[in-house]
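Structure first, commentary second.
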Amino acid sequence: RIQILFESYFRMADLENPKRQLADSYIQKHRIPELFQNMTTALIHTQPSNAKKFMIKYLETLKKFRDEQGEYESMFKEANITSVFGMLDVTNTGFISLEQYRNALKTLGVKKYNPRPIGCDNDQISLNTFVTEAKDGLDHSHANFN
């Protein structure tokens with residue numbers, strides 16, 4: 001993961017080094033690890049033929065959102081999120097477990113999500129709930145890249 005690369009780089013530097021502290025502060029302020037994690041997740045999920053062009057488009061889309069403060073067009077469309085749900089619902093019951101829900105959202109790069117979504121008491125998260133929570137989480141993840 002990207003976070004591991006950043007951490008290994010900084011392990012080599014003295015923790016009290018002012019340059020290291022400034023670099024760490026900059027990386028955290030601009031949420032660089034999260035940016036790369038989300039971009040890498042989108043890249044792996046989409047698997048475009050030209051990864052570099054995909055990453056450029058991804059960053060341009062984030063910039064456009066920041067500049068216009070408009071609606072962010074997520075790299076994950078509802079069909080992609082529905083597909084993830086379908087892969088988890090192998091018996092086609094229309095539900096996934098709470099653990100599957102949490103793991104899938106983490107895989108999509110969602111860090112902040114509803115820990116107790118509708119259906120969690122019965123350990124049955126519906127497709128509708130999963131899509132809603134995933135979209136909200138993805139929107140929140142991308143909204144903070146300024």
Flag side-chain contact, heavy atom, 4.5 Å: Leu59 against Met39: yes

Audit row: Phe130, Val84, side chain to side chain contact (heavy atoms under 4.5 Å, CB included) steps and yes/no: CA-CA 10 Å; Phe130 180 73; Val84 170; 4.1 Å; yes

Using a 4.5 Å cut-off on heavy atoms from C-beta on, say whether the side chain of Arg116 contacts that of Asn114. yes

How long is the span from the CG atom in Leu22 to the CD1 atom in Ile27, to the nearest 0.5 Å? 11.0 Å

Around Leu88, counting heavy atoms of other residues, nucleotides and ligands shown, do more than 12 lie under 6.0 Å from its CG? yes

Can you hop from Ile118 to Leu105 via hydrophobic side chains spaced under 4.5 Å? no

Do Met87 and Phe95 belong together in a cluster built from hydrophobic side chains that touch within less than 4.5 Å? no

Flag yes if Ile32 and Ile56 sit in one hydrophobic cluster, no otherwise; membership is Ile, Leu, Val, Met, Phe, Trp, Tyr, and two members link when side-chain heavy atoms are under 4.5 Å apart. no

Hey, which of Thr129, Asp123, Ile125 is the one that makes side-chain contact (heavy atoms from CB on, under 4.5 Å) with Ile96? Ile125

Nearest heavy-atom contact between Arg102 and Pro115 is NH2-O, 3.2 Å

Spatial distance of atom NZ (Lys29) from atom CG (Asp24) [nearest 0.5 Å]: 13.5 Å

Can you check whether Phe85 reaches Val131 side chain to side chain, under 4.5 Å on heavy atoms? no

Nearest non-hydrogen partners of Ala134 and Ile81, listed with the distance: CB-CG2, 3.7 Å

Distance-minimising heavy-atom pair for Asp89 and Gly94: OD2-N, 2.7 Å

Set of residues satisfying ring-ring contact (aromatic ring centres under 6.0 Å, His included) with respect to Tyr113, sequence neighbours excluded: Tyr101

